[in-house]
Amino acid sequence: MLQLQALRENPEHIIERLSVKNFPAETIVAEILSLDRNRRETQKNLDDILAQGNQIARSVAQLFKEGKGSEAEGLKQASQELKARSKELTEKLAAMESELDELLVRLPNLPHPKVPLGKHAADNEVVASWGEFPVLPENALPHWELAAKYRLIDFELGAKVTGSGFPFYIGNGARLQRSLIAFFLDRAVDAGYTEYQTPLMVNEDSAYGTGQLPDKEGQMYVATGDNLYLIPTAEVPLTNIFRDTILREEDLPVQICAYSSCFRREAGSYGKDVRGLNRLHQFDKVEIVQVAHPDTSYENLEAMREHVSGLLKALNLPFRIVRLCGGDMSFASAMTYDFEVWSAAQQRWLEVSSVSNFESFQSNRMKLRFRETQGKVRLAHTLNGSALALPRIVAALLENNQTAGGIRIPDALVPYTGFQTIGDSL
RNA sequence: GGAGAGAUGGCCGAGUGGUCGAAGGCGCGCGCCUGGAAAGUGCGUAUACCCCAAAAGGGUAUCGAGGGUUCGAAUCCCUCUCUCUCCGCCA
């Protein structure tokens with residue numbers, strides 16, 4: 001969430017920036033500012049009353065020490081009255097604070113100045129592209145048909161055992177998944193990320209910390225019996241590691257990564273856009289996260305972009321990078337690069353990674369700070385990115401590398417799969 | 001799941017109703033000492049909010065969390081969470 005301080009200092013700037021995200025903020029900002037003024041006044045009153053109470057307690061102690069306990073009676077009476085008023089004000093203050101918090105939480109993060117104006121994906125800015133579209137054989141198949149032909153993935157079986165969007169991976173299909181996970185993790189570790197294995201369920205505080213709650217509640221599966229949420233991405237547990245912590249400046253940037261299954265309800269559409277691996281309720285992903293110094297976090301963002309680009313190049317998948325426009329960005333992000341891979345049989349771009357700088361938006365809510373060498377405490381910046389999400393990578397690998405005789409495995413992956421092709425022969 | 005013990009600052013650890021935001025130690029920072037270092041030694045070293053234009057200074061809250069008793073709570077009472085030990089169960 002945005003810092004109240006920033007709103008007080010320059011509300012016009014906040015409103016102007018949020019307009020890039022097509023978010024009308026005037027009313028809510030005005031409400032926040034007036035509520036904030038009231039809150040501070042109330043707090044001042046409360047503090048004064050409590051200070052009087054403390055003063056009385058000290059006087060009483062002094063009187064007892066001097067053996068004049070009987071003189072304390074009048075003071076005790078005064079203290080009782082103060083207590084009643086302070087209780088009332090405490091409740092009022094708590095109500096104001098939660099109201100203020102509710103309002104603040106509704107404001108999205110400010111987009112970086114480089115973020116293009118726009119409402120839809122069509123307004124995103126293509127900032128890089130790499131590779132050439134493969135020439136497919138006659139009768140090229142989309143990945144779901146390839147998956148069935150070579151018995152790599154069984155969607156119907158998943159639907160029977162669990163539901164739509166929960167496929168089984170089988171034989172070389174399962175092996176391919178495992179290979180990609182290991183490959184992505186190895187590359188992340190080589191790039192300086194420390195590997196984690198995280199819980200796949202998180203509590204409510206964590207879901208708030210990264211912003212899944214309150215507004216994206218419907219995205220997550222909930223274990224209602226225990227009030228736990230299945231993670232929609234490893235970002236949630238990875239980033240929440242740092243909730244309520246103060247790091248040392250020399251520890252920055254913190255670079256960590258994790259493979260996890262991800263669970264998303266995505267109450268969504270049906271049809272060819274979500275066929276096969278294009279959109280699932282459960283999928284696998286390697287996530288990279290950085291906690292960065294605010295002065296240099298955009299350099300870290302570029303480094304993450306390079307890392308993800310390297311993965312796609314190693315897999316020889318044609319891709320492009322787009323900088324999301326204000327309207328297409330997520331609530332919490334200040335700048336996001338999406339990576340899209342060319343899916344040759346479907347003839348469309350598939351989003352396989354999203355790399356974002358959240359600046360201090362998450363860390364403000366999570367109280368993730370670091371201590372500067374001069375001793376000052378500042379909010380850190382958080383960044384994350386997929387490196388990478390598996391299903392659409394698999395989709396593109398299968399489609400782009402299909403030949404009349406089978407599917408070629410990219411060289412970089414062969415040490416992991418142990419096979420060079422899927423299919424009868426080449 | 002049953003029984004018991006515990007939770008104090010970055011860490012260890014004292015405190016069991018009266019200036020206790022909290023002794024002492026370790027760590028860390030800045031000095032002194034030294035040719036340099038170690039040792040020694042002096043000082044400093046939590047966070048949030050609020051008042052003040054800012055600095056200086058001051059107020060309030062926080063000893064796992066929430067409530068209560070009291071003029072006054074780290075200390076007494078209640079509830080919850082977590083940790084440890086023993087038993088049971090278990091990949």
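Just so it is clear: chains get the letters A, B, ... in the order the sequence lines come, proteins before strands, and each one is counted from 1.
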- Using the P atom as the reference point in each nucleotide, state the distance between B:U69 and B:C77 in Å, no decimals. 15 Å
- Note on the structure: A:Asp244 atom CG is separated from B:G10 atom P, nearest whole Å, by 12 Å
- To the nearest angstrom, how far is A:Leu82 atom CG from B:U60 atom P? 13 Å
- Query: Is the phosphate of B:C49, meaning OP1 or OP2, less than 4.0 Å from a side-chain N or O of A:Arg39?
  - Reply: no
- NZ/NE/NH1/NH2 to OD/OE distance under 4.0 Å, A:Arg85 and A:Glu88: no
- Quantified in whole Å, what is the P atom distance between nucleotide B:G31 and nucleotide B:G25? 22 Å
- Find the distance A:Arg369:CZ to B:A46:C1' and express it as a whole number of Å. 10 Å
- Figure out the CZ/C1' separation between A:Arg378 and B:U47, and round it to whole Å. 18 Å
- Using a cut-off of strictly less than 4.0 Å, decide whether A:Arg40 has a side-chain nitrogen or oxygen near OP1 or OP2 of B:C51. yes
- Item | Per A:Ile246 side chain, nearest of listed nucleotides B:G59, B:U47, B:C51 | B:U47
- Task: Determine the Euclidean distance between corresponding P atoms of B:U62 and B:G6; express it in Å to zero decimal places.
- Result: 24 Å
- Message: Check the phosphate of B:G68 against A:Lys87, side-chain N and O only, distance under 4.0 Å to OP1 or OP2. Yes or no?
- Response: yes
- Message: Using modelled atom types and a 3.5 Å cut-off, is there a donor and acceptor pairing between side-chain atoms of A:His143 and backbone atoms of A:Leu277?
- Response: yes
- Which part of the nucleic acid, if any, lies within contact of A:Arg248, taking any heavy atom under 4.0 Å across all strands shown: a base, the sugar-phosphate backbone alone, or nothing? nothing
- What distance, rounded to whole Å, do you find between the two P atoms, one in B:G15 and one in B:C78? 22 Å
- Message: Walk me through whether A:Glu359 and A:Leu110 qualify under side chain to side chain contact (heavy atoms under 4.5 Å, CB included).
- Response: CA-CA 9 Å; A:Glu359 298 190 6; A:Leu110 308 185; over 6 Å; no
- Query: Given atom CD of A:Gln52 and atom P of B:C50, what is their separation to the nearest angstrom?
  - Reply: 21 Å
- N or O in side chain of A:Asn54 less than 4.0 angstrom from B:U19 OP1/OP2: no
- Please state how far atom CG in A:Asn45 lies from atom P in B:G59, giving the value in whole angstrom units. 18 Å
- Item | B:U69: pairing nucleotide in any strand, Watson-Crick or G-U under 3.5 angstrom | none
- Does a salt bridge link A:Arg39 with A:Asp36, judged by any charged N lying under 4.0 Å from a carboxylate O? yes
- Scan A:Asp48 against the nucleic acid and name what it touches under 4.0 Å (heavy atoms): base, sugar-phosphate only, or nothing. nothing
Show the distances under 3.5 angstrom between N or O atoms of the protein and N or O atoms of nucleotides 71-76 of chain B.
residue : atom : partner : partner atom : Å
B:C71   : OP2  : A:Gln80 : NE2          : 3.0
B:C71   : O3'  : A:Ser79 : OG           : 3.2
B:C71   : O2'  : A:Ser79 : OG           : 2.9

- Task: Quote, to the nearest angstrom, the P distance that separates B:U8 from B:A23.
- Result: 16 Å
- Query: Between B:G13 and B:A3, how far is it from one C1' atom to the other, in whole Å?
  - Reply: 29 Å
- Message: What's the gap between B:U19 and B:C28 when it is taken at their P atoms, as a whole Å value?
- Response: 33 Å
- Is any side-chain N or O of A:Arg371 closer than 4.0 Å to OP1 or OP2 of B:U47? yes
- Message: Under 4.0 Å, counting only non-hydrogen atoms across every strand here, what does A:Leu46 touch: a base, just sugar-phosphate, or nothing?
- Response: nothing
- Contact under 4.0 Å: A:Asn203 side-chain N or O vs B:U81 OP1/OP2: no
- Where each residue is assigned the nucleotide of RNA chain B containing its nearest heavy atom, which of A:Leu50 and A:Arg8 is assigned the position nearer the 5′ end? A:Arg8
- Nucleotide opposite B:G27 in a Watson-Crick or G-U pair, distances under 3.5 Å: B:U45
- Message: If I pick the C1' atom on B:U60 and the same atom on B:A53, what distance separates them, to the nearest angstrom?
- Response: 22 Å
- Of all heavy-atom pairs linking A:Leu397 and A:Ile407, the shortest is O-CG2, 4.1 Å
- Out of B:C51, B:U60, B:A46, which has the shortest distance to the side chain of A:Ala51? B:U60
